[in-house]
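Have a look at the structure below, then the notes.
Counting convention: from 1, in listed order, for ligands and their atoms alike.
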Amino acid sequence: MASLNSRTAGALEGEVRVPGDKSISHRALMLGALATGRTLITGLLDGEDVLRTASAMRQLGAGVSAGADGVWRVAGRGIGGLVEPDGVLDLGNAGTGARLVLGLLASHPLMATLTGDASLRRRPMARVALPLQRMGATIHAREGCLLPLTIIGAANPVPISYRLPVPSAQVKSAILLAGLNTPGHTTVVEPEPTRDHTELMLRHFGVEVRVERTPQGRATTIAGQPEIEGRAIAVPGDPSSAAFPMVAALLLPGSDIVLTGIGVNPHRTGLIRTLIEMGARIEIANRRDWAGEPVADIAVRASELRGVEVPPSRAPSMIDEYPILAVAAAFARGRTIMRGLRELRVKESDRLQRIASGLAACGVEAAIDGDDLIVTGAGRPPRGGATIETALDHRIAMAFLVMGMASQKPVGIDDSGPIDTSFPGFAKVMNGLGADIAPADPATPGAGE
Ligand code: S3P
């Protein structure tokens with residue numbers, strides 16, 4: 001395991017691009033595999049999670065290759081055309097990869113076995129298995145509906161109308177992807193709207209997607225078995241990755257950075273909204289559209305932050321950003337109360353617990369109250385000086401490296417490997433802006449304290 005140490009740096013300056021959006025990258029490969037003809041993808045995230053999806057698509061019969069020009073080419077099979085894989089599909093650390101692939105497979109009459117790393121094998125699959133079984137798929141899983149599991153897709157899938165019991169774009173997307181090879185209309189109703197990348201990309205591929213407001217929530221319907229043809233897709237920079245340099249720039253006095261080509265889909269911008277409420281100087285400019293997704297450049301200047309209350313209704317639009325928001329809250333003046341974080345318990349790690357214990361180890365007052373997280377900041381840099389266990393969780397790793405950039409003492413992480421799942425080159429990008437992130441020297445504080 002490669003450990004890393006992050007120590008106080010001066011002001012961050014410069015213009016930076018972050019890797020492509022993870023959610024959109026998975027979907028681009030999958031819809032490319034279902035389209036007829038060729039899909040060309042620029043800006044695809046070449047992180048571990050997405051590479052696993054690329055391999056899975058190859059195993060299911062699609063042609064997937066990365067050119068020296070950085071353009072990915074997918075030769076699709078057409079809807080209903082996936083073939084039975086002759087080996088296990090290993091989705092690594094990727095919850096999105098695993099759950100969306102299950103959706104694809106549910107309406108193809110073939111058998112496949114899925115597995116993943118120790119983190120993914122602990123994550124709940126019942127949330128997708130249940131609706132997919134109602135569509136006709138057969139699923140055999142370990143006790144508790146955990147990976148590895150085997151799915152036999154339905155030969156005659158039936159369309160369903162399904163109300164999401166948890167706010168999850170992965171579950172919604174799995175059902176819609178299964179609906180693509182199902183005759184009739186498949187509907188997902190969401191009491192709390194989640195990211196709509198699947199819907200936007202389906203439209204980009206020419207699929208008719210109907211979205212209605214109903215008393216039960218937002219209802220999204222697709223008509224099954226459309227013809228879809230390959231398309232060109234430009235993947236925006238991932239707002240969940242941009243969140244790390246963004247918060248680092250807010251915390252380091254004198255910082256002034258610009259993040260270019262970042263996705264600003266309103267279902268993903270809860271963190272920006274919250275930081276602005278905390279007093280952050282963030283400006284969004286040069287708005288444009290890439291393959292149906294809103295994109296912009298984001299300017300961030302160092303700011304004095306104050307604690308705020310974040311309502312549970314905002315959680316779906318910033319679900320992956322709580323680790324880094326909690327770090328920002330540790331530097332803010334006063335209490336930040338983040339409500340309704342139950343879903344954080346079933347992410348790559350139990351993030352609620354990991355955030356609270358990591359902050360406490362860095363000398364920050366942090367408490368869990370039911371599903372709420374309360375962080376009390378003193379309006380100045382906390383002590384830091386701890387080594388944080390990454391627990392196969394990329395966002396915990398990056399959040400605490402940002403913590404070390406502005407704390408009194410360095411902060412270390414025991415394992416930097418998981419960062420590659422979503423943000424390959426993280427340390428290099430941050431150091432390019434002025435950070436000081438380096439392999440841990442066992443003799444320095446933060447590396448062993
Ligand atoms: C994702 C949805 C979210 C998010 C994950 C990516 C997606 O998960 O946390 O990182 O691409 O659909 P849930 O669907 O479990 O909320």
Per-atom contacts, ligand 1 versus [X] - under 4.0 Å to a heavy atom:
X	answer
Ala169	12 (O), 14 (O)
Lys347	3 (C), 4 (C), 8 (O), 9 (O), 13 (P), 15 (O), 16 (O)
Asp320	4 (C), 5 (C), 9 (O), 10 (O)
Pro167	16 (O)

Discussion item. For the backbone of Leu164 and the side chain of Ser168, can you confirm whether one donor and one acceptor N or O come within less than 3.5 Å of each other?
Written reply: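 No, because the side chain of Ser168 does not come within donor-acceptor range (under 3.5 Å) of the backbone of Leu164.
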Practice prompt. Could you tell me whether Arg27 approaches ligand 1 through its side chain, its backbone, both or neither, with non-hydrogen atoms closer than 4.0 Å?
Written response: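 It is the side chain that touches ligand 1; the backbone stays farther off.
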Discussion item. Checking contacts here: is it the side chain or the backbone of Arg195 that comes within 4.0 Å of ligand 1, counting heavy atoms only? Could be both or neither.
Written reply: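 Just the side chain.
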Worksheet, complete the sentence: When every non-hydrogen atom of Gly116 is compared with those of Arg121, the smallest separation belongs to O-NH1, 2.7 Å
Fill in: Under-4.0 Å salt bridge between Asp238 and Lys22
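No, this pair does not count.
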Worksheet item: Is Glu348 paired with Arg395 through a side-chain N to carboxylate O contact shorter than 4.0 Å?
Response: no
Worksheet item: Among all residues two or more places apart in sequence or in another chain, which pass the side-chain contact (heavy atoms from CB on, under 4.5 Å) test with Ala326?
Response: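 In terms of side-chain contact (heavy atoms from CB on, under 4.5 Å), with neighbours along the sequence ignored, Ala326 is linked to Met338, Ile355, Leu359, Leu373, Val375.
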Worksheet entry | Nearest neighbour in protein (non-hydrogen) for atom 6 (C) of ligand 1 | Thr96 OG1, 3.3 Å
Fill in: atom 14 (O) of ligand 1: the protein heavy-atom neighbour that sits closest, reported with distance to 0.1 Å
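Ranked first by proximity to atom 14 (O) of ligand 1 is Ser168 OG, 2.6 Å.
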Item to complete: Mind checking ring-ring contact (aromatic ring centres under 6.0 Å, His included) for Phe426 and listing every partner two or more places apart, or none if nothing turns up?
Response: Phe423
